[in-house]
Engineer: 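Quick one: the structure is below, and I'll ask about it shortly.
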There are 2 protein chains.
Amino acid sequence: MDKNKRDSKKITILDIAKRLGISPATVSNALTGERYVKKETIEKVKKLAVDLDYRPNFIARALRSKKRNIIGLITSNIRNPFYAEVISGVEDILSKKDYILVINSTSFNKDTEVKGVKQFNNLLVDGFIFVGGLSDFTHIHQLLSMDTPVVLINRRITGSKYTEITIDYKKAMTKMVDFLSDKGHKVIGYVGWKNDSAIIPIEKYSGYLEGLKKNNLTENKNIIFSKDKIPIREFREYREYAREIYPVILKEKVTALIAQTDSIALGLMDGFRELKIKIPEELSITGCGNISQSRSFYPLLTTINIPKIRMGKFAAEVLIDLISRGKSKKQTIYLKSTIIKRASVADISY
Amino acid sequence: MDKNKRDSKKITILDIAKRLGISPATVSNALTGERYVKKETIEKVKKLAVDLDYRPNFIARALRSKKRNIIGLITSNIRNPFYAEVISGVEDILSKKDYILVINSTSFNKDTEVKGVKQFNNLLVDGFIFVGGLSDFTHIHQLLSMDTPVVLINRRITGSKYTEITIDYKKAMTKMVDFLSDKGHKVIGYVGWKNDSAIIPIEKYSGYLEGLKKNNLTENKNIIFSKDKIPIREFREYREYAREIYPVILKEKVTALIAQTDSIALGLMDGFRELKIKIPEELSITGCGNISQSRSFYPLLTTINIPKIRMGKFAAEVLIDLISRGKSKKQTIYLKSTIIKRASVADISY
DNA sequence: CTGTTAGCGCATTCAT
DNA sequence: ATGAATGCGCTAACAG
């Protein structure tokens with residue numbers, strides 16, 4: 001019965017050893033290549049392993065050796081499409097390298113985050129990846145031993161001792177101002193939110209200011225539309241917001257708006273569309289992120305591309321490297337971002 | 001030094017046993033509640049466990065007992081927002097019940113799927129969840145032992161021996177025709193794709209036909225716009241498609257269009273917008289799924305809600321139950337779906 | 001109610 | 001180049 005084969009007891013190295021009349025240790029060595037074994041023996045063992053459909057028991061292996069081949073990923077929200085892309089990059093590399101990916105979603109909640117880390121600690125994961133989240137990390141830091149390999153993706157933390165993978169948001173935003181300035185825009189507004197403990201938004205904002213200076217444009221507080229509260233549903237909130245800020249935009253003769261994220265930009269665009277304002281003819285808008293919606297809905301959004309999948313892949317590779325060296329490392333790696341020029345910006349440099 | 005505490009050797013039940021002058025087995029029993037232990041002993045043990053910051057070693061526990069508390073989830077594509085919501089539901093329940101979630105994304109590729117299942121088998125997961133994917137399952141089936149607990153979410157397979165969680169797409173679509181008919185629509189078209197091995201699209205389509213019959217509407221092949229190929233990027237492809245089908249829509253006096261998915265509906269709407277066709281004044285459109293974009297972009301889409309998060313939660317609960325009983329079960333569970341009435345449908349029943 | 005013993009499957013000494 | 005013995009941390013089986 002072929003069915004029974006599936007139900008029969010799992011093959012272990014002992015089974016292989018018996019059949020071959022050798023010791024389990026030799027089988028182990030032959031299979032993992034840790035120690036020198038005669039070529040023929042290796043071949044015999046490997047062949048039989050395939051024939052018997054031997055599968056190493058990860059759990060037993062993990063208990064014995066310190067190598068687990070498990071990586072824990074903690075993200076604030078799996079549902080965020082931005083993170084989903086990052087995670088798929090991570091997943092891609094890990095599965096290729098025979099690592100197992102364990103996931104935990106925290107909804108920005110510290111207790112949940114703590115619980116997740118503890119759980120992973122019990123599982124004895126080889127390393128951690130954090131995707132997104134706030135800049136506070138102390139509650140997590142105290143749960144990790146000094147040299148646990150950790151990589152943070154798009155999560156900047158104050159006084160970090162870990163590897164952080166991000167992009168230079170400040171520079172990116174400055175470049176965006178350059179770009180708009182080149183297109184003839186002189187009154188460029190900014191729409192976003194700020195919060196002392198959120199590093200990335202602050203970086204973006206300061207990049208915007210820097211860009212104004214660099215291009216000799218005057219900074220005008222009236223056209224910096226910054227909320228203090230973290231918006232939960234960016235798209236919706238900023239769609240409403242469009243109506244609210246439009247009078248100011250008219251009054252101050254704003255020709256272009258830089259939004260802090262794509263969701264904000266898309267929300268604004270949709271809001272303006274309701275108001276019958278033509279994008280980009282009457283107002284140019286840019287975003288940041290290059291999420292898939294930004295290349296779906298009309299007008300296609302001019303935005304800053306963040307290499308999400310590549311970030312994930314890269315993080316996985318760096319982490320595996322750290323694991324092989326058994327340590328954490330303090331470093332910040334900036335991936336390249338580029339401006340994606342699409343239809344939401346008008347050239348008014350006539 | 002508090003720092004050293006983190007790095008010091010892990011506490012085991014043996015440590016606790018020694019300090020309390022009892023046996024490790026008793027500690028184990030006190031902690032897991034498997035066997036009867038005196039109340040005071042339990043309290044003493046638990047207290048010391050907390051004080052020493054004892055953390056059970058999942059790996060060791062898993063090796064010894066057959067309970068792993070690990071669940072493997074395989075999905076065709078993490079990046080699909082629909083699946084992301086389902087997964088977040090799964091994740092929510094599992095983390096509450098102290099299960100660990102391991103994830104694998106297959107990009108619809110059979111080999112990758114096989115590899116993922118094998119990997120999970122080596123990890124000895126307690127059960128499997130499959131989210132989405134094609135209806136072929138033979139390649140996976142042969143890798144699973146007869147009573148491995150398995151739950152499929154939104155993946156219908158032919159001759160299944162497993163628990164499937166889905167909604168009654170046929171009925172849902174029929175109801176959508178009812179709804180449109182009530183609103184006075186008499187010429188209702190259908191836009192989607194079909195493929196012999198994809199059960200869900202077939203169900204939807206037959207629900208549409210059923211609805212026509214039920215409402216005494218004539219079936220007209222000309223206004224059934226069905227692609228044979230599985231579209232990779234639904235939104236974009238159907239945005240283009242709008243232009244292609246519009247002449248027929250005019251000619252046949254179609255007043256409403258039922259799209260097979262939200263992405264298709266949104267793509268069509270965006271395409272029609274380009275053509276300056278007013279939705280819903282000139283043409284009503286409905287979708288299926290109630291993905292977040294359907295409630296973001298104007299006009300808000302009338303669609304069929306699929307309880308994605310609930311599906312995930314429910315699947316996790318069912319799976320945990322199957323695990324506790326150590327078996328798989330052949331059953332199909334239908335979750336309730338409802339029509340979400342929004343702005344993309346006009347009432348023309350005057 | 002609790003202790004003793006054994007062993008899950010594997011990789012790692014230490015032998016030879 | 002290979003085998004025998006040991007133990008990772010925990011829980012199941014069997015005693016008391």
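The chains referred to below are lettered A, B, ... by the order of the sequence lines, with proteins before strands, and numbering in each begins at 1.
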Engineer: Residues in side chain to side chain contact (heavy atoms under 4.5 Å, CB included) with A:S76, at least two apart?
Structural biologist: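 A:S76 satisfies side chain to side chain contact (heavy atoms under 4.5 Å, CB included) with A:Y83, A:T106, A:F108 only.
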Engineer: Please tell me if B:T41 has a side-chain N or O lying less than 4.0 Å from either OP1 or OP2 of C:dT2.
Structural biologist: yes
Engineer: Measure from CZ on A:R68 to P on C:dC10 and round the result to the nearest Å.
Structural biologist: 16 Å
Engineer: Which nucleotide in the set D:dA5, D:dC10, C:dC10 lies at the smallest distance from any side-chain heavy atom of A:A25?
Structural biologist: D:dA5
Engineer: Report the residues that fulfil side chain to side chain contact (heavy atoms under 4.5 Å, CB included) with A:T148, sequence neighbours left out, ordered by chain and then residue number.
Structural biologist: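 Listed in chain order: A:F128, A:L144, A:S145, A:V150.
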Engineer: Provide the full list of side-chain hydrogen bond (donor to acceptor under 3.5 Å, both in side chains) pairs with a residue in residues 40-49 of chain A, sequence neighbours left out, each pair given once.
Structural biologist: A:K47-A:D51
Engineer: Not counting sequence neighbours, which residues clear side chain to side chain contact (heavy atoms under 4.5 Å, CB included) with B:S88? List them please.
Structural biologist: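 B:S88: side chain to side chain contact (heavy atoms under 4.5 Å, CB included) contacts with A:R79, B:I309.
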Engineer: Pick the nucleotide of DNA chain C nearest each of A:R55 and B:V27; which residue has the one closer to the 5' end?
Structural biologist: B:V27
Engineer: When the distance from CG of A:L20 to P of D:dA1 is rounded to whole Å, what number comes out?
Structural biologist: 18 Å
Engineer: In this structure, how many angstroms lie between the P atom of D:dG9 and the CD1 atom of B:I16, rounded?
Structural biologist: 13 Å
Engineer: What nucleotide, of D:dT11, D:dC10, C:dG9, holds the atom closest to the side chain of B:N57?
Structural biologist: D:dC10
Engineer: So, B:D111 and B:K115, do they make that salt bridge, N to O below 4.0 Å?
Structural biologist: no
Engineer: According to a strict under-4.0 Å criterion, is B:S23 in side-chain N/O contact with OP1 or OP2 of C:dT4?
Structural biologist: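 No, B:S23 has no side-chain N/O under 4.0 Å of OP1/OP2 on C:dT4.
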Engineer: Looking across every strand, which nucleic acid part, if any, lies under 4.0 Å from A:F58 by heavy atom: base, sugar-phosphate, or nothing?
Structural biologist: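 No contact.
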Engineer: Please give, in whole Å, the distance from D:dT2 P to A:I13 CD1?
Structural biologist: 15 Å
Engineer: Looking at B:Y54, I'd like to know whether one of its side-chain N or O atoms comes within less than 4.0 Å of OP1 or OP2 on D:dG9.
Structural biologist: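 B:Y54 to D:dG9 OP1/OP2: no side-chain N or O under 4.0 Å.
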Engineer: Can you tell me which residue pairs pass the side-chain hydrogen bond (donor to acceptor under 3.5 Å, both in side chains) test with a partner in residues 120-135 of chain B, sequence neighbours excluded?
Structural biologist: none
Engineer: Does OP1 or OP2 of C:dA11 have a side-chain N or O of A:S28 closer than 4.0 Å?
Structural biologist: yes
Engineer: Provide, to the nearest angstrom, the distance between the CD atom belonging to B:E43 and the P atom belonging to C:dC1.
Structural biologist: 13 Å
Engineer: Applying a 4.0 Å non-hydrogen cut-off, can you work out what A:P24 is touching in the nucleic acid: base, sugar-phosphate, or nothing?
Structural biologist: nothing
Engineer: Is the shortest side-chain N to carboxylate O distance from B:K96 to B:D92 below 4.0 Å?
Structural biologist: yes
Engineer: Choosing from C:dC8, C:dC10, D:dT2, which nucleotide comes nearest the side chain of B:R64?
Structural biologist: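 Closest nucleotide to the B:R64 side chain: C:dC8.
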Engineer: Determine the contact category for A:I22: base if any of its heavy atoms lies under 4.0 Å from a base atom, sugar-phosphate if only primed atoms, P, OP1 or OP2 are that close, otherwise nothing.
Structural biologist: sugar-phosphate
Engineer: Would you mind reading off the distance between A:I59 atom CD1 and D:dT11 atom C1', rounded to a whole angstrom?
Structural biologist: 15 Å
Engineer: Hey, is the side chain of A:R61 poking within less than 4.0 Å of OP1 or OP2 on C:dG9, counting only N and O atoms?
Structural biologist: no
Engineer: Could you state the atom-to-atom distance from CG of B:L63 to C1' of C:dG9 in whole Å?
Structural biologist: 6 Å
Engineer: Roughly, in whole Å, what's the span from NZ in B:K18 to P in D:dC10?
Structural biologist: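 It is 12 Å, rounded to the nearest whole Å.
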Engineer: In degrees rounded to 10°, what angle is found between the helical axes fit to the five outermost pairs at each end of the helix from C:dC1-D:dG16 to C:dT16-D:dA1?
Structural biologist: 40°
Engineer: Would you confirm whether A:N29, through its side chain, and A:A25, through its main-chain N or O, come within 3.5 Å as a donor-acceptor pair?
Structural biologist: yes
Engineer: Does D:dT11 have OP1 or OP2 sitting under 4.0 Å from an N or O in the side chain of B:S65?
Structural biologist: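 It does not, given that no N or O in the side chain of B:S65 lies less than 4.0 Å from OP1 or OP2 of D:dT11.
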